[in-house]
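Some notes on the structure that comes next.
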Amino acid sequence: MSLHLYNTLSRRKELFTPVDPARVTMYVCGPTVYNYVHIGNARPVVVFDVLYRLLSRDYAKVIYARNITDVDDKINAAAKAGDVPITAITEKFATVYRDEMATLNALPPTIEPHATQHIPQMISMIQRLLDGKHAYEAEGHVLFHVPSFAGYGQLSGRARDDMIAGARVEVAPYKKDPADFVLWKPSTPDLPGWDSPWGRGRPGWHIECSSMIEAHLGPTIDIHGGGHDLIFPHHENELAQGTCAHGGAPYARYWMHNGFLTMNKEKMSKSIGNIVTVRELLRHHPGEAIRWALLSAHYRQPLDWSDDTIVQANRTLSRLYGALEQAGDAPATLSEPPAAVLEALRDDLNTPRAMAEISNIAGALNQATGAAKAELKAQLIAAGSLLGVLQQPPKAWFEAAAGRKTIDADEVERLIAARAAARKARDFAGADRIRDEIAALGVVIEDRADGTKWRAAE
RNA sequence: GGCCGAGUGGCAGAGUGGCCAUGCAGCGGAUUGCAAAUCCGCGUACGUCGGUUCGAUUCCGGCCUCGGCCUCCA
């Protein structure tokens with residue numbers, strides 16, 4: 001059992017060794033809850049869910065935290081626009097998010113900390129940064145002083161001069177250094193705010209994650225994950241403030257970042273407007289197919305999303321569920337996941353390779369008989385459990401597909417019975433006519449040894 | 001401009017210094033009353049120009065194209 005993970009910090013694959021094998025810690029940046037999430041937002045959730053499943057196999061206790069950012073200017077704007085309280089926005093979308101991610105078969109994280117429930121911890125961390133001369137107060141703001149941390153820039157691989165040269169925003173006049181970032185900012189009376197030693201205000205974005213990590217996971221965590229775009233500035237800043245608040249102790253040992261989902265080769269983003277929401281996709285496709293599609297490319301590679309992506313994923317899953325279905329009578333013995341699948345995932349979460357192995361198992365299962373059939377079926381299910389797929393009864397998969405098409409099952413059954421009668425009478429022309437009627441209902445039938453089965457056509 | 005990543009067959013997408021990826025679609029065959037499902041087989045795939053090598057899609061260099069980050073962003 002040797003897990004290798006690509007570490008953004010070192011820019012290479014490294015053997016994973018936790019600080020404490022009895023308590024493995026992992027933190028992934030979650031959503032700011034002000035709107036429905038798009039399919040790109042779901043990628044890290046699904047990717048790190050696979051990692052969580054893999055770690056949970058090998059370590060007795062894995063603490064996985066995924067935060068909810070529920071204080072943010074965009075939330076304030078959304079509340080104002082809808083003329084509703086802030087919490088009406090955050091509670092609604094946090095619930096929607098949780099439900100949607102569950103539909104994608106993502107296990108609930110161990111902890112889902114909310115930013116607003118950790119204000120005292122943030123104030124405490126900011127105070128420590130002030131005491132250590134890593135931060136200063138200016139015009140009601142508290143800012144992290146970047147030059148106070150020599151290691152700044154190591155995660156994103158940026159030199160300070162480049163950052164200053166490339167800065168595309170106006171530098172606030174109260175900053176001692178252009179790279180300094182906000183830990184605490186003042187709130188006007190109409191905005192959410194908390195009392196602090198620096199007046200009524202609210203936290204900056206970066207300090208939220210660091211404080212929640214400290215509160216729930218400890219000063220040094222094993223794995224910190226998120227989308228590629230968070231490397232700079234968010235994770236670079238987290239790394240700086242977290243390290244400085246802990247007297248130089250390492251903040252996170254393995255930094256992992258998933259690549260982007262693109263739409264026509266362009267980043268999917270709310271500001272560009274080329275987004276597809278998870279909510280919309282779930283109207284037409286099973287969550288499991290969305291999950292399969294998200295895992296069909298290696299997590300660090302870009303993945304171009306199109307209608308075809310999800311259609312292909314759906315068909316592939318139908319083939320796999322078909323293999324399980326025809327093995328229906330074989331008792332599913334308990335099985336360890338096949339070594340090849342495990343090996344692929346332990347090589348920096350190579351999900352496409354794992355999927356290729358799964359396809360091979362399905363092919364073997366389709367041909368197997370007797371004990372081999374039971375064993376292969378169990379292997380397929382065990383392999384699927386690592387990826388978070390193939391865990392429902394095949395029947396449920398195919399019925400759900402039919403359910404999305406609003407098919408009259410009674411009518412289909414009636415026609416199948418009529419066709420069976422015609423076939424028995426060797427009236428094949430009549431049988432074929434009935435099959436055309438069935439096809440017209442959007443149903444495909446299969447004559448099998450144990451009778452005629454039907455499923456929804458695409 | 002700085003930093004980073006990518007270019008593989010009709011599509012998606014792994015991987016490798018010489019031999020099958022895998023899936024979807026297509027074609028041919030087996031099977032079937034006919035289908036469907038399944039199985040078997042098929043298709044001069046590795047952006048481009050050089051270099052190293054007995055041999056490069058894989059290593060090295062140049063070039064072209066595309067994308068990401070540079071304080072909103074998964």
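All figures in this text were calculated on a predicted structure; none of them were measured in a lab.
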(request) For B/A12 versus B/C54, give the span between their C1' atoms, rounded off to a whole number of Å. (result)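 About 36 Å, rounded to a whole number of Å.
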
Any base atoms under 4.0 Å from [X], or only sugar-phosphate, or nothing? Heavy atoms, all strands.
X	answer
A/Q301	sugar-phosphate
A/D72	nothing
A/G226	sugar-phosphate
A/S296	sugar-phosphate
A/L261	base
A/R66	nothing
A/L230	sugar-phosphate
A/H257	nothing

(message) Under a 4.0 Å threshold between the charged nitrogen and the carboxylate oxygen, would A/R414 count as salt-bridged to A/E411?
(response)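 Salt bridge: yes.
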
(request) Using a strict cut-off of less than 4.0 Å between a Lys/Arg side-chain nitrogen and an Asp/Glu carboxylate oxygen, indicate whether A/K453 and A/E446 qualify as a salt bridge. (result) no

(request) Using the six-membered ring wherever Trp is involved, compare the ring planes of A/Y321 and A/W397 and label them parallel, tilted or perpendicular (cut-offs 30° and 60°). (result) parallel

(request) Identify which one of A/D447, A/D432, A/D436 satisfies the salt bridge (Lys or Arg N to Asp or Glu O under 4.0 Å) criterion when paired with A/R419. (result) A/D447

(request) Determine the sole option in A/K377, A/R455, A/R319, A/R448 for which the salt bridge (Lys or Arg N to Asp or Glu O under 4.0 Å) test with A/E325 is passed. (result) A/R448

(request) Would you indicate whether A/R12, at its atom CZ, is surrounded by more than 12 heavy atoms from other residues, nucleotides or ligands within a distance under 6.0 Å? (result) no

(message) Pairing donors with acceptors under 3.5 angstrom, does anything connect the side chains of A/H206 and A/H235?
(response) no

(request) Counting heavy atoms from C-beta on, name the nucleotide in B/C73, B/A14, B/A36 closest to the side chain of A/N350. (result)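 Among the listed nucleotides, the one closest to the side chain of A/N350 is B/A14.
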
(request) Give the nucleotide from the list B/A74, B/C73, B/C69 with an atom nearest to the side chain of A/M268. (result) B/A74

Would the base of [N] count as contacting [X] through its side chain, where contact means a donor and an acceptor less than 3.5 Å apart?
X	N	result
A/D432	B/G33	yes
A/R11	B/C4	no
A/D447	B/C34	yes

(request) Stems involving RNA chain B: give each as a range paired with a range, ordered by first number, where a stem means at least three consecutive Watson-Crick or G-U wobble pairs under 3.5 Å. (result)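 Output for stems: B:1-7 with B:64-70, B:10-12 with B:22-24, B:26-30 with B:38-42, B:47-51 with B:59-63.
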
(request) Please name the pair of heavy atoms, one in A/Q391 and one in A/S385, separated by the smallest distance, quoted to 0.1 Å. (result)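 Looking at all heavy atoms of both residues, the closest pair is NE2-N, 3.0 Å.
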
(request) Return the minimal non-hydrogen interatomic distance between A/K373 and A/A327, and the atom names on each side. (result) CE-CA, 3.7 Å

(request) Can you tell me the distance, in whole Å, between the CD atom of A/Q326 and the C1' atom of B/A37? (result)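 Roughly 10 Å, once rounded to whole Å.
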
(message) Does the protein touch nucleotides 19-27 of chain B at the base, only the backbone, or not at all? Give it as B, S and - per nucleotide, heavy atoms under 4.0 Å.
(response) --BSBBS--

(message) Just verifying a value: how many Å separate A/R66 CZ and A/M26 CE, rounded to the nearest 0.5 Å?
(response)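 So the CZ of A/R66 and the CE of A/M26 are separated by 9.5 Å.
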
Are [X] and [N] close enough that a side-chain N or O sits under 4.0 Å from OP1 or OP2?
X	N	value
A/K175	B/U71	no
A/R455	B/A37	yes
A/N366	B/C39	yes

